[in-house]
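First the structure, in the form of structure tokens, and then the observations on it.
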Amino acid sequence: MKALILGDEINQFHWSMLKSVLLVLSILPVSQGILHLWQTTEGSSQIMVGFFALSLMSSLLALCFWSALKATVIDLKQEQASVLERTVIQLYRYLPMLSLASMLSYVTVQI
């Protein structure tokens, strides 16, 4: 039986992809929690909650974009990889940026 052993560089690349996608997926619960908090407050408290939400979401979105962009431009040395493996890795690079775009679209439609 042949065991699949990934190289150290590919393994690190995969874990950076997973971290980036999980960071992007954290946008949804944070936005829903902030929206619920904003709807339950009244009057002038909504201004403070809105300012807090705006600053928290903008920093989270900046971190998500940076993480997705970093994953997109990572340089891998693929001397031994076949053409199919190179193509799969090239497509796999864009997964965090695609998930960020789809999550932002979903959150925009929901709010």
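What you see is a predicted model; the values in this text were computed from it and never measured. Below, each value reflects all heavy atoms present in this structure, side chains not excepted, and no hydrogens, waters or symmetry copies.
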How far does [atom1] of [X] sit from [atom2] of [Y], to the nearest 0.5 angstrom?
X	Y	atom1	atom2	value
Thr72	Phe65	OG1	CZ	8.5 Å
Leu18	Leu23	CG	CG	12.5 Å
Gln46	Gln39	CD	CD	9.0 Å
Lys70	Ser16	NZ	OG	7.5 Å
Leu100	Leu95	CG	CG	11.0 Å

Provide the closest heavy-atom pair for [X] versus [Y] in the form atom of the first, atom of the second, distance.
X	Y	value
Arg93	Val73	NH1-C, 4.3 Å
Met103	Leu25	CE-CD2, 3.5 Å
Val21	Pro96	CG2-CA, 4.1 Å
Ser99	Ser102	O-OG, 3.0 Å

Shared ILVMFWY cluster between [X] and [Y], side chains joined below 4.5 angstrom?
X	Y	value
Leu28	Leu61	yes
Leu56	Val49	no
Trp66	Met57	no
Leu60	Leu37	no
Met17	Leu22	yes

Between [X] and [Y] (side chain of the first, backbone of the second, donor and acceptor by atom type, cut-off under 3.5 Å), is there such a pair?
X	Y	value
Thr108	Leu104	yes
Ser31	Ile27	yes
Ser67	Cys64	no

Verify the neighbour count for atom CD of Glu42: are there more than 12 heavy atoms of other residues, nucleotides or ligands below 6.0 Å? no
Aromatic ring pairing His14/Tyr92, orientation class (parallel under 30°, perpendicular over 60°, tilted between): parallel
